[in-house]
Amino acid sequence: MSTRLSGHEHYWNHNAAFHDEIVADAARRGGRALDVGCGEGLLLERLAGVCDQVVGIEADPDTARRARDRLTGVDGADVRRADVLEPGAADGLGEFDTVTCVAVLHHLPLEAGLERLAALVAPGGRLLVIGLAANASAADWVLSALSVVPIRIASLLHRERRDIGVPTAPARQSLREIRGAAGRILPGARVRRRFYWRYSLVWDRPTESEQ
């Protein structure tokens, strides 16, 4: 059974573990930031501290409401209840200096999701994805197994809050499949395996003079 967070507390889990890195990266550009699948808004709240304007897109109605509650009173912050792949979901949003997507891409069709995310990045801006990949090869399973003990220790030390009451789904594509799709759709994207059974994907959209 899902549990709700009380108030607007901050918490740590395997997704929030990457928030410091994402916020520091976004701060180098400032400007406008978009968090796709913003959940109950913790990352969006933190991005609002380093960016002029932040927008969250969240498909689940109850979760979107909780994100709006968290962002109440935060200047330059907005949450839109929508599926990012729905026609018209991104109408009027424009382009962003930073687009983030944490533990959400595996909820979407991979190639369509990457194409939509890339379209929202402004020239000179950056797409930052923290995602989950399915174990497919023997190496995937071995690395996953070797990570169990250190990850459990880290979770205990950080007092992990696993369940924050938002929809979840299992990963479907392997890291090899994700790398292949990124190579076709986002030339120059950097995809690497990360701790906490996650991967990161970073893609910089070329400026107009570089295209």
Side-chain angles (χ1 to χ4, degrees), residues 1-5 11-19 21-22 34-45 47 55-68 70 79-87 89-90 99-120 127-137 140-141 143-145 147-148 151-152 154-155 158 160-182 184-186 189 191-203:
M1 180 180 294
S2 293
T3 57
R4 296 277 187 91
L5 294 172
Y11 54 85
W12 187 95
N13 58 28
H14 294 167
N15 296 322
F18 294 92
H19 285 186
E21 175 183 324
I22 293 169
L34 172 69
D35 187 21
V36 176
C38 66
E40 54 77 58
L42 177 59
L43 177 57
L44 199 63
E45 180 185 30
L47 287 169
V55 178
I57 293 180
E58 172 56 49
D60 181 66
D62 183 60
T63 307
R65 179 191 58 76
R66 292 168 57 200
R68 290 192 191 102
R70 180 184 281 275
V79 176
R80 176 177 291 199
R81 207 300 297 168
D83 179 333
V84 71
L85 293 183
E86 289 177 354
V99 174
T100 60
C101 184
V102 178
V104 172
L105 185 57
H106 66 286
H107 289 253
L108 308 174
L110 178 58
E111 296 199 358
L114 288 174
E115 288 171 354
R116 178 56 59 90
L117 292 173
L120 294 165
L127 169 64
L128 295 163
V129 174
I130 300 295
L132 287 75
N135 290 330
S137 67
D140 290 338
W141 284 106
L143 290 170
S144 181
S147 301
V148 170
I151 288 176
R152 286 184 177 175
S155 295
H158 288 283
E160 179 190 6
R161 181 67 179 266
R162 289 189 181 183
D163 187 354
I164 59 170
V166 301
T168 61
R172 294 173 293 174
Q173 289 88 14
S174 68
L175 192 58
R176 180 176 180 179
E177 291 173 306
I178 293 162
R179 281 198 175 107
R184 293 189 296 274
I185 296 166
L186 307 173
V191 180
R192 63 189 180 102
R193 194 185 301 270
R194 304 294 297 272
F195 203 47
Y196 303 118
W197 300 299
R198 300 294 188 267
Y199 69 87
S200 61
L201 183 157
V202 179
W203 177 71

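Note that the numbering runs from 1 along the sequence shown for the chain.
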message: Pair N15, R198 - check side chain to side chain contact (heavy atoms under 4.5 Å, CB included), show working.
response: CA-CA 8 Å; N15 296 322; R198 300 294 188 267; 2.9 Å; yes
Side-chain contact, heavy-atom cut-off 4.5 Å: [X] with [Y]?
X	Y	answer
L34	T100	no
V79	C38	yes
L114	L201	yes

Step-by-step salt bridge (charged side-chain N to carboxylate O under 4.0 Å, His left out) determination, E21 to R194: CA-CA 12 Å; E21 175 183 324; R194 304 294 297 272; 2.7 Å; yes
message: For R162, give me all partners under salt bridge (charged side-chain N to carboxylate O under 4.0 Å, His left out), at least two apart in sequence or on another chain.
response: E160
field: Qualifying residues under salt bridge (charged side-chain N to carboxylate O under 4.0 Å, His left out), relative to R172, sequence neighbours excluded
entry: none
For [X] versus [Y], what's the shortest heavy-atom pair and its separation?
X	Y	result
A181	L110	CB-CD2, 3.6 Å
E86	R116	O-NH1, 3.9 Å
A89	V84	CB-O, 3.9 Å
H106	P170	CD2-O, 3.5 Å
L108	G113	CD1-CA, 4.2 Å
G165	T63	O-OG1, 4.4 Å

In Å and rounded to the nearest 0.5 Å, what is the [atom1] to [atom2] distance from [X] to [Y]?
X	Y	atom1	atom2	answer
E40	R68	CD	CZ	14.0 Å
R179	R192	CZ	CZ	10.5 Å
E115	L85	CD	CG	9.5 Å
C101	D35	SG	CG	7.5 Å

task: Could you note down all residue pairs passing salt bridge (Lys or Arg N to Asp or Glu O under 4.0 Å) where residues 100-113 supplies at least one of them, sequence neighbours left out?
output: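 Found E111-R184.
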For the side chain of [X] and the backbone of [Y], is there at least one donor-acceptor N/O pair under 3.5 Å apart?
X	Y	value
R161	D163	yes
W197	S144	yes
E177	S174	yes

task: Applying side chain to side chain contact (heavy atoms under 4.5 Å, CB included) between L120 and each of L127, V99, V55, report the one that passes.
output: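 Checked L127, V99, V55 against L120; only one passes side chain to side chain contact (heavy atoms under 4.5 Å, CB included): V99.
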message: Please check if the number of heavy atoms outside R152 that lie under 6.0 Å from its CZ is greater than 12.
response: no
field: Trace of the side chain to side chain contact (heavy atoms under 4.5 Å, CB included) decision for D60 with V166
entry: CA-CA 8 Å; D60 181 66; V166 301; over 6 Å; no
- request: Name all residues meeting the ring-ring contact (aromatic ring centres under 6.0 Å, His included) criterion together with Y196; count only those two or more places apart in sequence or in a different chain, and write none if there are none.
  value: W12, H14
query: Can you list the residues that meet the side chain to side chain contact (heavy atoms under 4.5 Å, CB included) rule with T168, with sequence neighbours excluded?
result: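 For T168 there are no side chain to side chain contact (heavy atoms under 4.5 Å, CB included) partners, ignoring immediate neighbours.
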query: Sequence neighbours excluded, which residues qualify as side chain to side chain contact (heavy atoms under 4.5 Å, CB included) partners of R193?
result: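 Counting only residues at least two positions away or on another chain, R193 forms a side chain to side chain contact (heavy atoms under 4.5 Å, CB included) with D140, L143, L175.
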- request: Under the side chain to side chain contact (heavy atoms under 4.5 Å, CB included) rule, what do V129 and Y199 come out as? Steps first, then yes or no, please.
  value: CA-CA 8 Å; V129 174; Y199 69 87; 4.2 Å; yes
Lys/Arg-Asp/Glu bridge criterion (N-O < 4.0 Å) met for E58, R81: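 Judged by the 4.0 Å cut-off on N to carboxylate O distance, E58 and R81 do not form a salt bridge.
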